[in-house]
Amino acid sequence: MSKSSNQQLRIIGGEWRSRRLRFPEVDGLRPTLDRVRETLFNWLQFDVEGARVLDAFAGSGALGLEALSRGAREVVFLEKHPKAALQLQQNLQTLQAQNAQVWAGDALNWLSSNPGPYDLVFLDPPFGAQLLQPAIDALVLVPGARVYVEHEAGLIPQIPSRWQEIKSKKTKEFHFRLFEVMTSEN
């Protein structure tokens, strides 16, 4: 049996709860762990339904798929690696998700011409790739938007003054944080 046949993620809640989907073996692709997704979506329990969502650096699409399963109005997935983008499109077809699109290309290029607004943004770029800060800087977000940021331990991104951290957790390897965009720069 090939190693790639074991590359699966499980949707943990919502309409597609317990569905298992494949993702390709790609360097740097690491789906957000089940326990982290469960924590995140507990934090977001009142913010997903009806939201316009951006899953930048989507990889397996675990975060965006979870949002769709829980009632997001629309999810835009950005994924640079062709194999990962193709598998994500196939998974959306399998789920018969009509309210999602996959953009197969560089997330930073896409953000430069499509910065927002979004109600909910997932930023979980490949660790060590120096992509988080440029993505943060490119986003245009309205007050009340939520931003999830996952980054390797030791990285200290410059967070815009309008982003108020509302939840966070960390492990030895990484930190995950949820922000709300506030009205003013104060």
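With values rounded to the nearest 0.5 angstrom, F41 atom CZ is found 10.5 Å from D47 atom CG. We find the CG-CG distance between L9 and L33 to be 11.5 Å, quoted to the nearest 0.5 Å. Considering NZ of K169 and CZ of F176, their distance stands at 6.0 Å, rounded to 0.5 Å. L40 contributes atom CG, which lies 10.0 Å from atom CG of D124 (distance to the nearest 0.5 angstrom). Atom CG of L54 sits about 9.5 Å away from atom CG of N114, to the nearest 0.5 Å.
In terms of the side-chain contact (heavy atoms from CB on, under 4.5 Å) criterion, residue partners of I166 (sequence neighbours excluded) are, by chain and number, R146, L178, E180. Qualifying ring-ring contact (aromatic ring centres under 6.0 Å, His included) partners for W16, counting only residues two or more places apart in sequence or in other chains: none. By the side-chain hydrogen bond (donor to acceptor under 3.5 Å, both in side chains) test, S168 is found to be paired with E165, residues two or more places apart in sequence or in another chain being considered. For the ring-ring contact (aromatic ring centres under 6.0 Å, His included) test, residues two or more places apart in sequence or in another chain that qualify with F179 are W163. Partners of P157 under the side-chain contact (heavy atoms from CB on, under 4.5 Å) rule, at least two apart in sequence or in another chain, are L132, Q133, I136, H151, L155, I159, R177.
By the 4.5 Å heavy-atom criterion applied to side chains, R162 and L141 are not counted as neighbours. Looking at heavy atoms from C-beta onward, V142 lies out of side-chain contact with V181 at the 4.5 angstrom threshold. When side chains are defined from C-beta on, F77 counts as touching L68, because their heavy atoms get closer than 4.5 Å.
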Could you walk me through whether V53 and Y118 pass the side-chain contact (heavy atoms from CB on, under 4.5 Å) check?
CA-CA 6 Å; V53 178; Y118 303 97; over 6 Å; no
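Nearest heavy atom pair, residue D106 against residue L108, reads OD2-N, 3.0 Å. Residues A58 and L88 come closest through the heavy atom pair CB-CD2, 4.0 Å. Closest of all the heavy-atom pairs between L131 and P125 is CB-CB, 3.8 Å.
Heavy atoms of other residues, nucleotides or ligands lying less than 6.0 angstrom from CD of E152 number more than 12. Remark: Q45 CD is packed, more than 12 non-hydrogen atoms of other residues, nucleotides or ligands lying under 6.0 Å away.
Within the structure, the side-chain hydrogen bond (donor to acceptor under 3.5 Å, both in side chains) test picks out the following pairs touching residues 77-89 (sequence neighbours left out): Q87-N91. Residue pairs satisfying the salt bridge (Lys or Arg N to Asp or Glu O under 4.0 Å) criterion with at least one member in residues 87-104, sequence neighbours excluded, are absent. Evaluation of the salt bridge (Lys or Arg N to Asp or Glu O under 4.0 Å) test over residues 84-101, restricted to residues two or more places apart or in two chains, returns none. Annotation: salt bridge (Lys or Arg N to Asp or Glu O under 4.0 Å) contacts involving residues 10-21, sequence neighbours excluded, comprise R10-D34. The list of salt bridge (Lys or Arg N to Asp or Glu O under 4.0 Å) pairs with a residue in residues 92-101, not counting sequence neighbours, is empty.
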Going by atom type alone, with no hydrogens or angles, which donor-acceptor pairs under 3.5 Å involve a side-chain atom of residues 59-66 and a protein atom two or more places apart or on another chain?
from: S60; atom 1: OG; to: A62; atom 2: N; distance (Å): 3.3
from: E66; atom 1: OE1; to: I12; atom 2: N; distance (Å): 2.9
from: E66; atom 1: OE1; to: R37; atom 2: NH1; distance (Å): 3.0
from: E66; atom 1: OE2; to: I12; atom 2: N; distance (Å): 3.2
from: E66; atom 1: OE2; to: G13; atom 2: N; distance (Å): 2.7
from: E66; atom 1: OE2; to: R70; atom 2: NE; distance (Å): 3.1
from: E66; atom 1: OE2; to: R70; atom 2: NH2; distance (Å): 3.3

Could you give the side-chain donor-acceptor pairs of residues 92-101 under 3.5 Å, partners two or more places apart or in another chain?
from: T94; atom 1: OG1; to: Q90; atom 2: O; distance (Å): 3.0
from: N99; atom 1: ND2; to: A72; atom 2: O; distance (Å): 3.1
from: N99; atom 1: ND2; to: R73; atom 2: O; distance (Å): 3.1

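In this pair, Y148 and F122 present their aromatic rings perpendicular. The plane angle is above 60°, beyond the 30 to 60° band.
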